[in-house]
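What follows is a short report on a single structure.
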Amino acid sequence: MSPVRRRVSSGVPFEQAVGYSRAVAAGDFIFVSGCTSTADGKVVYEGDLAKQTEQALLNVSAALEQFGASLADVVQTRLYVTDISRWAEVGQAHRLAFEEAPPATSMVQVAALIDPRLLVEVEAVAHREGVPDEDATEPDETEIPADAIRLDDPSTDDSI
């Protein structure tokens, strides 16, 4: 039997448009999608890579908290940066966030992120025994919400 999976959303429009969850708990693992320097739906700390990394990590932390976990439970991070020559700025913010329990990590340069003002994106995997289950069963995927995006019915929404 496969482990129960729980999904949480941060409510950003990209989640529905692209078809992903902010975080998914599967068994004792929590997988957090890439987080950037956004707060209240807006890009923050434009141009400041260290502060953008801190904000992205705060967003990772917020996703983990929805499962009763924290940054101390993170076992792996992936850091995507638009300018690898500034690795030390990202590295310092990452080190400070994980000073007590450094995770395995990778940092790679990418050509661009979804908004040119964003300089870093952080993904994380956490492990926490006994991640709380809201339900003991999977959601019924045969019940498609009315506002769900269907692959056979592409969106015409150009606002994303």
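Just the heavy atoms: all of them, side chains too, but no hydrogens, waters or symmetry mates, feed the values below. For clarity, every value in this text was computed on a predicted model and none was experimentally measured.
- From D73, atom CG reaches atom CZ of R128 across 5.0 Å, with rounding to the nearest 0.5 Å.
- Listed by chain and residue number, Q55 satisfy the side chain to side chain contact (heavy atoms under 4.5 Å, CB included) test with L58 (two or more places apart in sequence, or in another chain).
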Query - Residues W87, M107; criterion side-chain contact (heavy atoms from CB on, under 4.5 Å); working and verdict - result: CA-CA 8 Å; W87 66 268; M107 185 186 306; 3.6 Å; yes
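- Atom CG of D83 is separated from atom CD of E89 by 8.5 Å, given to the nearest 0.5 angstrom.
- Not a single donor-acceptor pair under 3.5 Å links the side chain of D48 to the backbone N or O of Y45.
- For the atom pair CD of Q52 and OG1 of T82, the computed distance is 8.0 Å after rounding to the nearest 0.5 Å.
- With R6 contributing its side chain and V24 its backbone, the two residues share no donor-acceptor pair below 3.5 Å.
- Taking CG of L71 as the start and CD of E65 as the end, the distance is 8.0 Å to the nearest 0.5 Å.
- With sequence neighbours excluded, the residues forming a salt bridge (charged side-chain N to carboxylate O under 4.0 Å, His left out) with D115 are R117, listed by chain and number.
- One N or O on the side chain of T53 and one on the backbone of L49 form a donor-acceptor pair closer than 3.5 Å.
- Among residues two or more places apart in sequence or in another chain, the side chain to side chain donor-acceptor pair (under 3.5 Å) test is passed with S106 by none.
- Summarising the geometry, atom CD belonging to Q66 is positioned 10.5 Å from atom OG belonging to S61; distances are rounded to the nearest 0.5 Å.
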Can you give each donor-acceptor pair under 3.5 Å made by side-chain atoms of residues 29-42, sequence neighbours left out, with the distance rounded to 0.1 Å?
{"unit_1": "S33", "atom_1": "OG", "unit_2": "S21", "atom_2": "O", "d": "2.7"}
{"unit_1": "S37", "atom_1": "OG", "unit_2": "V44", "atom_2": "O", "d": "2.7"}

Query - R7 vs R5, side-chain contact (heavy atoms from CB on, under 4.5 Å): CA-CA, chis, key distance, verdict - result: CA-CA 7 Å; R7 292 167 175 81; R5 290 181 179 85; 3.9 Å; yes
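- Applying the side chain to side chain contact (heavy atoms under 4.5 Å, CB included) test to R78 and every residue at least two apart in sequence or in another chain returns Q76, Y80, E123, V125.
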Report task. Go through the steps to decide whether V81 and R86 satisfy the test side-chain contact (heavy atoms from CB on, under 4.5 Å), and finish with yes or no. Result -> CA-CA 8 Å; V81 297; R86 296 176 66 186; over 6 Å; no
Donor-acceptor contacts under 3.5 Å from residues 91-98 side chains, at least two apart:
{"unit_1": "H94", "atom_1": "NE2", "unit_2": "T77", "atom_2": "OG1", "d": "2.8"}
{"unit_1": "R95", "atom_1": "NH1", "unit_2": "E99", "atom_2": "OE2", "d": "3.2"}

Report task. Go through the steps for L118 and V43 under the test side-chain contact (heavy atoms from CB on, under 4.5 Å), then give the verdict. Result -> CA-CA 7 Å; L118 295 169; V43 174; 3.9 Å; yes
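- Taken to the nearest 0.5 Å, the CG atom of L113 stands 5.5 Å off from the CD atom of E121.
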